[in-house]
Amino acid sequence: MTVPQHVAIIMDGNGRWAQKNGKPRLWGHARGADTVREITTLSRKLGIKALTLYAFSTKNWDRPEEEVSGLMGLLKEYIRKERSTLLDNDIRFRTIGNISKLPEDLITSINELKDASSHCKSMDFCIALNYGARDEIVRAVKKVTSDILDGKITHETIDEKLFDSYLDTACLPPVDLIIRTSGEFRLSDFLLWQGAYSEFYFTETLWPDFREEEFRKALASYSQRERRFGKTSDQIRK
Ligand code: IPE
Ligand code: IPE
Ligand code: MG
(Lines give C-alpha, C1' and ligand atoms only; values in the text may rest on other atoms or scores of the structure.)
(Ligands and ions follow the chains in the order given, each with its own letter.)
Protein backbone atom coordinates (compact mmCIF):
# COMPACT_ATOMS: atom_id res chain seq x y z
CA MET A 1 0.00 0.00 0.00
CA THR A 2 1.30 3.48 -0.90
CA VAL A 3 1.19 5.58 2.24
CA PRO A 4 0.81 9.34 1.66
CA GLN A 5 3.68 11.41 3.01
CA HIS A 6 1.49 14.33 3.99
CA VAL A 7 -2.19 14.07 4.93
CA ALA A 8 -4.26 17.19 5.59
CA ILE A 9 -7.71 17.03 7.15
CA ILE A 10 -10.64 19.44 7.28
CA MET A 11 -12.12 18.21 10.56
CA ASP A 12 -15.76 19.10 10.11
CA GLY A 13 -19.02 18.09 11.77
CA ASN A 14 -18.38 18.52 15.50
CA GLY A 15 -21.39 20.78 15.92
CA ARG A 16 -23.77 18.44 14.07
CA TRP A 17 -22.42 15.50 16.05
CA ALA A 18 -23.20 17.30 19.31
CA GLN A 19 -26.65 18.27 18.08
CA LYS A 20 -27.35 14.67 17.08
CA ASN A 21 -26.46 13.63 20.62
CA GLY A 22 -28.47 16.41 22.26
CA LYS A 23 -25.39 18.17 23.65
CA PRO A 24 -23.94 21.69 23.35
CA ARG A 25 -21.61 22.33 20.37
CA LEU A 26 -18.55 22.54 22.61
CA TRP A 27 -19.10 18.97 23.68
CA GLY A 28 -18.74 17.98 20.03
CA HIS A 29 -15.45 19.87 19.82
CA ALA A 30 -14.18 18.05 22.92
CA ARG A 31 -15.04 14.66 21.36
CA GLY A 32 -13.37 15.89 18.17
CA ALA A 33 -10.18 16.35 20.17
CA ASP A 34 -10.34 12.64 21.10
CA THR A 35 -10.39 11.81 17.39
CA VAL A 36 -7.35 14.04 16.87
CA ARG A 37 -5.45 11.98 19.44
CA GLU A 38 -6.31 8.70 17.77
CA ILE A 39 -5.56 9.86 14.22
CA THR A 40 -2.25 11.43 15.25
CA THR A 41 -0.80 8.33 16.91
CA LEU A 42 -2.13 6.11 14.15
CA SER A 43 -0.55 8.34 11.48
CA ARG A 44 2.80 8.06 13.24
CA LYS A 45 2.45 4.28 13.43
CA LEU A 46 1.62 4.02 9.74
CA GLY A 47 4.69 6.01 8.69
CA ILE A 48 2.93 9.20 7.54
CA LYS A 49 5.52 11.98 7.65
CA ALA A 50 3.23 14.98 8.13
CA LEU A 51 -0.32 15.47 9.36
CA THR A 52 -1.98 18.88 9.03
CA LEU A 53 -5.31 19.50 10.74
CA TYR A 54 -7.62 22.44 10.06
CA ALA A 55 -8.68 23.45 13.58
CA PHE A 56 -9.68 27.11 13.32
CA SER A 57 -10.15 29.23 10.21
CA THR A 58 -9.86 33.00 9.78
CA LYS A 59 -13.65 32.92 9.31
CA ASN A 60 -14.37 30.99 12.53
CA TRP A 61 -13.94 34.21 14.57
CA ASP A 62 -17.45 35.05 13.37
CA ARG A 63 -18.95 32.24 15.49
CA PRO A 64 -20.64 33.06 18.83
CA GLU A 65 -18.09 34.42 21.31
CA GLU A 66 -18.80 31.54 23.70
CA GLU A 67 -17.88 28.95 21.07
CA VAL A 68 -14.72 30.83 20.04
CA SER A 69 -13.45 31.10 23.61
CA GLY A 70 -14.44 27.49 24.27
CA LEU A 71 -12.40 26.36 21.26
CA MET A 72 -9.39 28.40 22.39
CA GLY A 73 -9.65 26.76 25.82
CA LEU A 74 -9.82 23.28 24.29
CA LEU A 75 -6.78 23.98 22.15
CA LYS A 76 -4.78 25.05 25.17
CA GLU A 77 -5.84 21.97 27.09
CA TYR A 78 -5.00 19.77 24.11
CA ILE A 79 -1.49 21.21 23.88
CA ARG A 80 -0.92 20.64 27.59
CA LYS A 81 -2.25 17.09 27.58
CA GLU A 82 -0.60 15.92 24.36
CA ARG A 83 2.87 17.19 25.12
CA SER A 84 4.25 13.89 26.40
CA THR A 85 2.58 11.79 23.69
CA LEU A 86 4.12 13.96 20.99
CA LEU A 87 7.58 13.95 22.57
CA ASP A 88 7.51 10.22 23.36
CA ASN A 89 6.62 9.50 19.75
CA ASP A 90 9.26 11.83 18.27
CA ILE A 91 6.56 14.07 16.74
CA ARG A 92 7.34 17.70 15.97
CA PHE A 93 4.61 20.24 16.68
CA ARG A 94 4.03 22.99 14.13
CA THR A 95 1.30 25.45 13.17
CA ILE A 96 0.22 27.22 10.00
CA GLY A 97 -1.90 30.36 9.94
CA ASN A 98 -1.45 33.71 11.63
CA ILE A 99 -1.11 32.73 15.27
CA SER A 100 -0.30 36.29 16.41
CA LYS A 101 -4.05 36.96 16.59
CA LEU A 102 -4.68 34.15 19.12
CA PRO A 103 -4.98 34.74 22.90
CA GLU A 104 -1.62 35.47 24.51
CA ASP A 105 -1.61 32.41 26.81
CA LEU A 106 -2.36 30.10 23.89
CA ILE A 107 0.49 31.60 21.83
CA THR A 108 2.83 30.96 24.78
CA SER A 109 1.81 27.28 25.05
CA ILE A 110 2.12 26.85 21.28
CA ASN A 111 5.61 28.32 21.16
CA GLU A 112 6.70 26.33 24.18
CA LEU A 113 5.64 23.02 22.60
CA LYS A 114 7.19 24.00 19.26
CA ASP A 115 10.52 24.58 21.02
CA ALA A 116 10.29 21.44 23.13
CA SER A 117 9.59 19.27 20.06
CA SER A 118 11.92 20.99 17.60
CA HIS A 119 14.35 18.05 17.66
CA CYS A 120 11.65 15.49 16.78
CA LYS A 121 12.02 13.92 13.37
CA SER A 122 9.60 11.04 12.86
CA MET A 123 6.52 13.08 12.00
CA ASP A 124 5.35 16.68 11.72
CA PHE A 125 2.05 17.37 13.46
CA CYS A 126 0.75 20.67 12.21
CA ILE A 127 -2.40 22.51 13.31
CA ALA A 128 -3.93 25.18 11.10
CA LEU A 129 -4.93 27.98 13.48
CA ASN A 130 -6.45 31.26 12.38
CA TYR A 131 -5.66 29.83 8.97
CA GLY A 132 -7.04 30.90 5.62
CA ALA A 133 -5.26 30.06 2.37
CA ARG A 134 -5.94 33.47 0.83
CA ASP A 135 -4.59 35.16 3.95
CA GLU A 136 -1.51 32.90 3.80
CA ILE A 137 -0.90 33.80 0.15
CA VAL A 138 -1.31 37.52 0.80
CA ARG A 139 1.11 37.32 3.75
CA ALA A 140 3.58 35.45 1.50
CA VAL A 141 3.28 38.14 -1.19
CA LYS A 142 4.04 40.79 1.44
CA LYS A 143 7.16 38.91 2.57
CA VAL A 144 8.36 38.47 -1.02
CA THR A 145 7.83 42.17 -1.71
CA SER A 146 9.68 43.23 1.40
CA ASP A 147 12.60 40.92 0.50
CA ILE A 148 12.74 42.53 -2.94
CA LEU A 149 12.76 46.00 -1.39
CA ASP A 150 15.52 44.90 1.01
CA GLY A 151 17.53 43.61 -1.96
CA LYS A 152 17.52 40.00 -0.69
CA ILE A 153 15.94 38.70 -3.89
CA THR A 154 15.13 40.14 -7.31
CA HIS A 155 11.77 39.85 -8.99
CA GLU A 156 13.33 37.73 -11.79
CA THR A 157 14.12 34.98 -9.29
CA ILE A 158 10.47 34.48 -8.33
CA ASP A 159 9.17 31.13 -9.49
CA GLU A 160 6.81 28.50 -8.03
CA LYS A 161 9.52 26.92 -5.91
CA LEU A 162 10.63 30.23 -4.40
CA PHE A 163 7.06 31.34 -3.72
CA ASP A 164 6.35 28.00 -2.07
CA SER A 165 9.18 28.68 0.38
CA TYR A 166 7.38 31.84 1.59
CA LEU A 167 4.22 29.98 2.54
CA ASP A 168 3.46 28.77 6.08
CA THR A 169 3.92 25.17 4.89
CA ALA A 170 7.51 25.74 3.69
CA CYS A 171 8.93 23.11 6.08
CA LEU A 172 6.38 20.44 5.19
CA PRO A 173 6.35 17.88 2.36
CA PRO A 174 3.85 18.28 -0.52
CA VAL A 175 0.25 17.59 0.49
CA ASP A 176 -0.66 14.19 -0.97
CA LEU A 177 -4.13 13.72 0.44
CA ILE A 178 -6.83 16.11 1.68
CA ILE A 179 -9.69 14.58 3.65
CA ARG A 180 -12.92 16.36 4.57
CA THR A 181 -15.44 14.84 6.94
CA SER A 182 -19.16 15.54 7.45
CA GLY A 183 -20.37 15.37 3.86
CA GLU A 184 -19.39 18.87 2.79
CA PHE A 185 -17.74 19.16 -0.62
CA ARG A 186 -15.77 22.35 -0.28
CA LEU A 187 -12.31 23.54 0.72
CA SER A 188 -13.36 26.45 2.96
CA ASP A 189 -10.13 28.31 2.15
CA PHE A 190 -7.81 25.41 3.08
CA LEU A 191 -4.44 24.87 1.34
CA LEU A 192 -5.49 26.39 -1.99
CA TRP A 193 -1.93 26.57 -3.34
CA GLN A 194 -0.63 23.35 -1.77
CA GLY A 195 -3.67 21.34 -2.85
CA ALA A 196 -3.09 22.00 -6.55
CA TYR A 197 -2.22 18.32 -7.12
CA SER A 198 -3.49 16.68 -3.94
CA GLU A 199 -5.86 13.75 -3.98
CA PHE A 200 -9.22 14.35 -2.26
CA TYR A 201 -11.29 12.12 -0.03
CA PHE A 202 -14.74 13.10 1.18
CA THR A 203 -16.81 11.18 3.71
CA GLU A 204 -20.22 11.67 5.31
CA THR A 205 -18.79 10.63 8.70
CA LEU A 206 -18.76 13.44 11.26
CA TRP A 207 -15.31 14.24 12.69
CA PRO A 208 -15.88 12.80 16.22
CA ASP A 209 -16.78 9.46 14.55
CA PHE A 210 -13.83 9.49 12.14
CA ARG A 211 -11.76 6.83 13.86
CA GLU A 212 -9.14 4.25 12.86
CA GLU A 213 -11.34 2.25 10.50
CA GLU A 214 -12.49 5.37 8.64
CA PHE A 215 -8.95 6.69 8.34
CA ARG A 216 -7.73 3.36 6.98
CA LYS A 217 -10.52 3.50 4.37
CA ALA A 218 -9.33 6.93 3.25
CA LEU A 219 -5.74 5.68 3.00
CA ALA A 220 -6.80 2.58 1.08
CA SER A 221 -8.68 4.79 -1.38
CA TYR A 222 -5.58 6.97 -1.78
CA SER A 223 -3.33 4.01 -2.44
CA GLN A 224 -5.51 3.00 -5.40
CA ARG A 225 -5.27 6.34 -7.14
CA GLU A 226 -2.97 6.88 -10.05
CA ARG A 227 -1.35 10.28 -9.72
CA ARG A 228 -0.51 11.36 -13.22
CA PHE A 229 0.61 14.98 -12.76
CA GLY A 230 -0.39 15.77 -16.33
CA LYS A 231 1.23 12.73 -17.89
CA THR A 232 -0.49 9.75 -19.47
CA SER A 233 -1.17 6.51 -17.68
CA ASP A 234 1.38 4.69 -19.89
CA GLN A 235 4.11 7.13 -18.94
CA ILE A 236 3.40 6.62 -15.24
CA ARG A 237 3.41 2.83 -15.42
CA LYS A 238 6.72 2.58 -17.24
C1 IPE B 1 -15.49 21.65 12.77
O2 IPE B 1 -16.77 21.34 13.24
C3 IPE B 1 -14.62 22.29 13.82
C4 IPE B 1 -14.41 23.74 13.62
C5 IPE B 1 -14.74 24.45 12.55
C6 IPE B 1 -13.75 24.44 14.71
P7 IPE B 1 -17.94 22.41 13.12
O8 IPE B 1 -18.01 23.18 14.39
O9 IPE B 1 -17.81 23.22 11.88
O10 IPE B 1 -19.19 21.44 13.00
P11 IPE B 1 -20.49 21.69 12.15
O12 IPE B 1 -20.07 21.92 10.73
O13 IPE B 1 -21.19 22.87 12.74
O14 IPE B 1 -21.27 20.42 12.31
C1 IPE C 1 -13.78 24.62 8.07
O2 IPE C 1 -14.96 24.24 8.70
C3 IPE C 1 -12.78 25.06 9.08
C4 IPE C 1 -12.34 24.03 10.01
C5 IPE C 1 -12.58 22.76 9.92
C6 IPE C 1 -11.57 24.52 11.10
P7 IPE C 1 -16.21 25.22 8.76
O8 IPE C 1 -17.30 24.44 9.37
O9 IPE C 1 -15.85 26.50 9.42
O10 IPE C 1 -16.47 25.49 7.22
P11 IPE C 1 -17.71 26.13 6.48
O12 IPE C 1 -17.89 27.50 7.03
O13 IPE C 1 -18.90 25.26 6.73
O14 IPE C 1 -17.33 26.15 5.02
MG1 MG D 1 -18.51 23.01 10.00
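Residue pairs meeting the salt bridge (charged side-chain N to carboxylate O under 4.0 Å, His left out) criterion with at least one partner in residues 216-226, sequence neighbours excluded, are E199-R225, E212-R216, E214-K217, E226-R228, E226-R237. For residues 4-18, the set of pairs meeting the salt bridge (charged side-chain N to carboxylate O under 4.0 Å, His left out) definition, not counting sequence neighbours, comprises D12-R16, D12-R180, R16-E184. Identified under the ring-ring contact (aromatic ring centres under 6.0 Å, His included) test for residues 213-238, with sequence neighbours left out: Y197-F229.
Remark: P24 engages W27 in a side chain to side chain contact (heavy atoms under 4.5 Å, CB included) (not counting sequence neighbours). Contacts of I148 classified as side chain to side chain contact (heavy atoms under 4.5 Å, CB included), with partners at least two apart in sequence or in another chain: V144, I153, H155, I158. Residues satisfying the ring pair (Phe, Tyr, Trp, His ring centres under 6.0 Å) test with F56, not counting sequence neighbours, are W61. When the salt bridge (charged side-chain N to carboxylate O under 4.0 Å, His left out) test is applied to D189, no partner is found at least two apart in sequence or on another chain. Applying the salt bridge (charged side-chain N to carboxylate O under 4.0 Å, His left out) criterion to K238, with sequence neighbours excluded, gives no partner residue. Scored by the side chain to side chain contact (heavy atoms under 4.5 Å, CB included) test, K114 finds F93, T95, I99, I110, N111 as partners (sequence neighbours excluded). Every side chain to side chain contact (heavy atoms under 4.5 Å, CB included) that T154 has, sequence neighbours left out, goes to E156, T157.
Between atom OG of residue S198 and atom CG of residue D176 there is a gap of 7.0 Å, rounded to the nearest 0.5 Å.
When hydrophobic residues (I, L, V, M, F, W, Y) are linked wherever their side-chain heavy atoms come within less than 4.5 Å, L149 remains an isolated member. Applying the under-4.5 Å side-chain rule to Ile, Leu, Val, Met, Phe, Trp and Tyr, the cluster around I96 extends to I10, Y54, Y131, V175, I178, F185, L187, F190, L191, L192, F200, F202.
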